[in-house]
Structures are given as structure tokens and as C-alpha cells.
Amino acid sequence: MNKIDGIIFKQMIISGSNNLYNSYPEVDSLNVFPVPDGDTGTNMNLTIQSGLKEITNRNDKSISDIAKAFSRGLLMGARGNSGVILSQIFRGFYQGLAGKEEIDALDLADAFTSGKNVAYKAVMKPVEGTILTVVREASDTLARLAKVNMSITEAMEIFLNEAEASLLRTPNLLPVLKEVGVVDSGGAGFCKIIDGFVKALKNQIVEKNMPEVLDVSDKKAEQASSTSAQAKLEHKEFGYCTEFIIRLPSQIDLKGKRAFKEEAFKAILNVHGNSIVCVRDGDLVKVHIHTKNPGNILSFAQQYGEFEKIKVENMAVQHSEILEAENKANQEVKKAPKKDYGIISCCVGKGIEEMFKSIGVDYIVSGGQTMNPSTEDFVKAIEEVNAKTIYIFPNNSNIILAANQAASVSKDCKVMVIPSTSIPQGMVGCMMFNPEANPLENEKEMLEAIKNVKTGQVTFSIRDTSIDGIDVKKDQFMGLFDKKIAVAKDDKLEASKALLDMMIDEDSSLITVFVGEDVTSKEKEELENYIKEKYDSLDYEFKDGGQPVYSFIISVE
């Protein structure tokens with residue numbers, strides 16, 4: 001086969017998407033830091049599933065049309081840096097097709113070269129030894145070896161072979177990968193996609209490893225999740241009533257799954273839905289949740305085990321009047337005149353959300369570590385704020401690219417992304433807003449302010465590792481300073497005290513501690529007494545952030 005059209009390319013996308021879906025826990029496990037963070041495999045999987053959804057009901061023969069739709073789906077669903085870069089690769093790929101109905105090996109090489117170029121331009125400071133290196137070396141090799149009349153299968157095999165070889169070389173380019181003994185996770189995810197492409201060309205389309213989907217309407221399940229009070233609540237809500245049971249693997253043999261921590265699991269559910277019931281019985285976990293994105297919740301849950309039963313019901317279909325009311329409200333917002341300024345902030349934790357709102361933030365995009373928001377989430381926020389000039393504070397380095405991507409597709413207003421990488425930076429940046437200043441003056445003040453904030457975070461380790469000369473054991477508490485592991489201790493408070501000591505210097509004047517949902521009042525009091533006694537000359541304040549994942553987020557100014 002010397003040429004492929006849109007029909008065949010769609011099959012390749014399906015196969016590549018399924019191949020990544022089946023392997024994303026494996027890709028997650030390659031993350032360098034043992035932090036329960038956004039996870040590269042999960043982000044890439046959710047991104048490509050969004051692209052796949054865009055082409056599912058299309059049967060265009062034109063490869064350019066399929067590639068365009070796929071690119072659009074990736075763009076809006078992109079999550080995390082890896083997801084955004086993946087979307088840019090296939091955005092460039094589409095641009096390189098130049099409206100073609102079908103393509104040969106030479107066209108394929110041109111398309112991947114275009115994808116490489118667009119992806120590199122999307123990243124302000126490209127880092128070699130990442131997915132960027134993998135796509136660059138693979139596309140350069142294909143461009144050099146592609147010939148007239150070469151079969152598409154051979155061309156894709158050349159691309160895949162070089163991508164996999166490049167992936168194996170990533171530790172030599174990025175010392176931190178070599179130190180931990182892994183290859184780049186983003187590059188690994190990309191190779192899974194391309195491997196699926198090749199399999200499709202060989203009539204071996206990868207199927208998604210889906211567990212059997214059964215109804216959970218047995219009597220016990222109904223008793224657990226369908227009380228009369230809850231039935232009334234469901235009639236008032238908008239979204240999907242999602243129920244499932246997952247079976248957890250043995251903690252000794254996780255089989256590519258993540259270790260289950262009930263409190264952390266519930267915390268993520270709490271961020272992405274309501275009416276939550278989560279009960280564990282041995283190796284079974286029963287969940288009931290109302291959410292607008294059941295697919296995301298199911299993908300998240302499958303990181304910990306395999307499904308025994310699933311049921312998803314669209315409450316919006318059952319109660320169409322709620323949809324009509326929301327549409328009417330949205331139309332009223334669109335008709336309303338734009339205000340001069342608006343601020344969007346990304347965060348998680350009820351207390352932190354309230355703090356951002358109290359300092360003038362108009363819209364909270366829910367997300368952070370573990371569940372990074374998508375480009376589409378930010379686009380929706382921009383539309384809701386309805387302002388002429390909008391400032392976005394991502395508050396996480398893995399969210400900045402998605403925010404930038406949303407800003408680039410928003411045409412009806414000026415969107416400025418302030419690249420805050422932590423909650424404390426976002427707080428300080430938001431407080432610098434001056435309604436009397438012009439947009440550029442505000443941007444300058446905000447950028448300057450976030451530079452002067454030190455951020456420390458205390459969380460737990462999900463695996464053993466050794467990095468930057470620090471040995472970390474699974475379940476130990478780590479202190480992160482400037483995104484690097486600074487200390488690892490068996491005790492949460494000992495890790496927090498050691499981290500504080502590293503952060504404070506002679507120029508420090510103010511300490512702010514955001515207290516996570518797992519911290520007891522006694523632990524909070526002990527850390528406060530430590531600061532009071534050791535740093536009595538500094539001002540300090542404790543705020544109940546209610547954030548998951550991080551026991552303490554510490555700001556030093």
C-alpha cells in the first residue's frame with residue numbers, strides 16, 4: 001500500500017489511541033518524581049481520547065479532513081505539557097498535509113516534519129531528552145530515508161523504529177532520567193501511539209482492553225446509592241450519575257496499577273463531582289458520584305484496579321428543563337456587555353478556592369496535580385468571565401501550556417497567561433491586580449511579584465527512588481522546594497520542619513502555610529509552634545486550604 005486516505009488514517013488513529021489507553025499506567029510509572037502528580041500517561045490518554053471522539057462519527061475519505069478534526073479534538077482536550085505537545089505535533093501534521101485527499105511516503109515525511117516544527121515552536125524553552133527529541137529524530141530520519149513508491153507501512157516502520165531508538169537515548173540527554181533509570185514518559189507515550197498506527201497498517205488494529213460493563217442495579221447497590229434523599233438530589237443536579245466497582249490488585253503485585261490510598265482517592269473524587277459515596281470492602285471499592293465528565297473519572301479510577309461493574313446515567317437527559325435553563329443563562333452571559341477585566345485561577349481545595357475568590361478571582365478552573373484541566377476547560381472559563389482583558393493564573397507548571405493554548409484560540413478578548421507555578425505565586429500575583437492600571441502594566445507587576453515567592457510542598461512518595469542524591473522510600477513524606485525533592489522523612493511534620501529550614505533565609509519576612517485536608521489540628525498546632533519559637537522575628541499565617549495531595553503548601557516571601 002503506497003497511499004493512505006482518511007478512512008485508513010482514522011483506523012490508524014483508533015489503533016494508536018487504543019494502544020496508548022492499554023498502556024498509560026505503564027507510561028505513568030516512568031514519571032521521574034515519585035509524586036502523586038498529573039501523570040504523563042493519563043494526560044496523554046485523556047488528550048488523545050478527546051481527539052478520537054472528534055472523528056468517531058466521521059467517515060471522510062480525505063485524510064486532510066480527518067487530520068483536521070483529530071487535531072481540533074486534541075487541541076481542546078489537551079491536558080498537561082505532554083498532552084499539549086502531542087496536540088501540537090498533530091496540529092503540525094495536519095498543516096503539512098496541505099489539503100490532500102490521500103498521501104504517500106514522501107507526504108507522510110513532510111507531515112511529520114511539519115508536526116515536529118510546530119511542536120518545537122509551541123514550547124518556549126524546548127528540553128532535549130523528551131517527546132520533542134523523539135519526534136524530531138524520528139521525523140528527520142523518515143525525511144532522509146523516504147523514497148518515491150515506498151510503501152506507507154515501510155515508512156511508518158522507519159518512523160517507529162527511530163522513535164523507539166530515540167526514546168532509549170533520552171536518558172543520555174536528560175541526566176535526571178539517567179539518574180532514576182527511566183526513559184522519557186512523554187516519548188514513551190508517543191511511541192505507543194505510533195506503534196498502534198503501524199499495527200493498523202498491518203491489519204492488526206489494537207482493541208481497547210475494556211472490562212466487561214455490567215449493570216450495578218443489584219439490591220445491595222441500590223441500597224447503597226439510591227436512598228430517598230439522594231433520589232431527590234439527583235432530580236436537582238446536572239451531569240451524569242456514575243457508579244462503578246473496581247477490584248484492587250494485591251499491594252504486592254500491582255500489575256502496573258497505582259497503590260490505592262483511600263483518602264487521596266476520595267479527595268480527587270471530591271474535586272470532580274458531588275453526591276459522592278465511596279466505600280471500600282476488602283479489595284473492592286464501590287463509588288457513586290455525580291460528575292459532568294464520567295470518562296475522566298473512570299480513566300482515573302482504572303489506574304488503581306479493574307472494573308467489576310459500571311453504570312452511567314445522563315441526568316440531563318432525564319431532566320431536560322435543567323439543560324434549557326443553563327442554555328438560557330449562557331445566552332444571557334453572551335449578550336451581556338463585556339466588563340473591562342477578569343481573572344481566572346486554577347486550583348483545588350475548598351479553602352484555597354475561597355481565598356482566590358476573596359482577592360478578586362472571577363472564575364476557578366478546578367484542577368492541579370493528578371487531574372490537569374484541559375484547554376477546553378480554560379476556553380469555557382474565558383467565555384464565562386466575559387471580559388475584554390483576562391488574566392489566567394495556572395498555578396502549576398504542567399498547566400501553563402494548556403492555558404496558553406486556550407489563550408491562543410480565544411479571539412474575542414485579550415488573554416494574558418501569568419506563568420505562576422504554585423498556589424502561593426498565584427495568590428501574590430492576583431493581589432497585584434490594579435483596576436486603574438492598563439493591561440500591560442498589570443502584567444508587568446504580576447510577573448515581577450511571582451518571582452519573589454518561594455514555594456515548598458509536602459506530599460508522600462508513591463514509590464522508592466533515588467534522585468538528586470536523596471533516597472526516597474515509598475510512603476515517606478517529601479519536602480519539595482522549587483519542584484525538586486529537598487528532603488524525605490518518615491514523619492510528615494519532620495519533613496515540613498526540615499523544608500521550612502531550607503526555605504528561610506535572612507531576607508525572609510513572611511511565612512504562609514496552606515493546610516491540606518489530611519492534616520489534623522494537632523499537627524497544624526505543632527508546626528505553628530515550631531515556627532513561632534524558631535522564627536519569632538518573622539510574620540506568619542496559617543490558612544485552611546483543604547487541598548488534596550499536599551499536606552502543606554508553604555510560601556516564603
Side-chain angles (χ1 to χ4, degrees), residues 28-40 42 80 174-182 185 251 254 258-265 267-268 303-304 347-349 352 368-372 395-399 421-425 453-505 511-520 523-524 526-527 530-531 542 545-556:
D28 281 343
S29 69
L30 297 173
N31 282 347
V32 171
F33 293 104
V35 180
D37 61 8
D39 292 330
T40 301
T42 300
L174 206 54
V176 68
L177 296 177
K178 192 168 189 177
E179 183 177 1
V180 180
V182 296
S185 53
Q251 297 299 294
L254 291 176
R258 297 174 65 172
F260 183 78
K261 291 182 177 293
E262 188 168 347
E263 291 306 313
F265 186 83
I268 298 304
Q303 297 177 84
Y304 298 91
C347 67
V348 61
I352 290 177
Q369 296 299 85
T370 304
M371 291 292 280
N372 297 154
N395 305 329
N396 186 300
S397 59
N398 207 37
I399 297 174
T421 60
S422 68
I423 295 298
Q425 281 192 349
V453 180
K454 297 178 184 178
T455 299
Q457 298 161 309
V458 178
T459 187
F460 58 91
S461 172
I462 60 174
R463 66 171 184 271
D464 293 351
T465 193
S466 179
I467 187 168
D468 292 333
I470 298 177
D471 292 327
V472 182
K473 301 298 181 183
K474 182 177 178 294
D475 295 329
Q476 275 191 320
F477 288 93
M478 301 175 295
L480 309 179
F481 184 22
D482 289 336
K483 300 299 180 181
K484 295 182 179 180
I485 299 173
V487 62
K489 302 282 187 180
D490 292 331
D491 181 76
K492 180 191 305 178
L493 288 171
E494 289 304 310
S496 303
K497 294 172 184 177
L499 179 61
L500 268 166
D501 293 342
M502 293 179 181
M503 295 177 65
I504 296 172
D505 57 29
I511 304 168
T512 305
V513 180
F514 300 89
V515 181
E517 63 179 7
D518 67 313
V519 177
T520 66
E523 290 171 333
K524 175 183 174 182
E526 182 176 336
L527 186 60
Y530 179 79
I531 294 174
F542 276 66
Q547 71 272 7
V549 181
Y550 294 106
S551 302
F552 295 106
I553 298 175
I554 302 170
S555 167
V556 175

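The backbone N or O of Leu493 lies less than 3.5 Å from no partner atom in the side chain of Glu526, so there is not a single donor-acceptor pair. Not one N or O on the side chain of Gln476 forms a donor-acceptor pair closer than 3.5 Å with the backbone of Val472. In this structure, Asn396 contributes its side chain and Asn398 its backbone to a donor-acceptor pair below 3.5 Å.
What you find for Glu494 and Asp491 is that their closest heavy atoms are N-OD2, 2.9 Å. The minimum heavy-atom distance linking Phe477 with Ala495 is given by the pair O-CB, 3.8 Å. When all heavy atoms of Val519 and Phe552 are compared, the pair lying nearest together is CG1-CZ, 3.7 Å. Residues Leu30 and Val182 approach most closely at O-CG2, 3.5 Å, considering heavy atoms. Between Asp464 and Lys474, the shortest heavy-atom contact is OD1-N, 2.5 Å. Summarising the geometry of Ile485 relative to Ile467, their closest heavy-atom pair is CD1-CG2, 3.5 Å, with the distance given to 0.1 Å.
At least one cation-pi condition fails for Lys524 and Phe542: the charged atom is not both under 6.0 angstrom from the six-membered ring centre and inside a 45 degree cone around its axis.
Between Asp505 and Lys454 there is a salt bridge, with a side-chain nitrogen of the basic residue lying less than 4.0 Å from a carboxylate oxygen of the acidic one.
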Exercise. Taking it one step at a time, do Ser422 and Ile553 satisfy side chain to side chain contact (heavy atoms under 4.5 Å, CB included)?
Worked result: CA-CA 9 Å; Ser422 68; Ile553 298 175; 5.8 Å; no

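With sequence neighbours excluded, no residue forms a salt bridge (Lys or Arg N to Asp or Glu O under 4.0 Å) with Lys473.
With rounding to the nearest 0.5 angstrom, the CE atom of Met503 is 11.0 Å from the CG atom of Asp501.
For the side-chain hydrogen bond (donor to acceptor under 3.5 Å, both in side chains) with Thr42, the qualifying choice from Asp28, Asn31, Asn372 is Asp28, the only one to do so.
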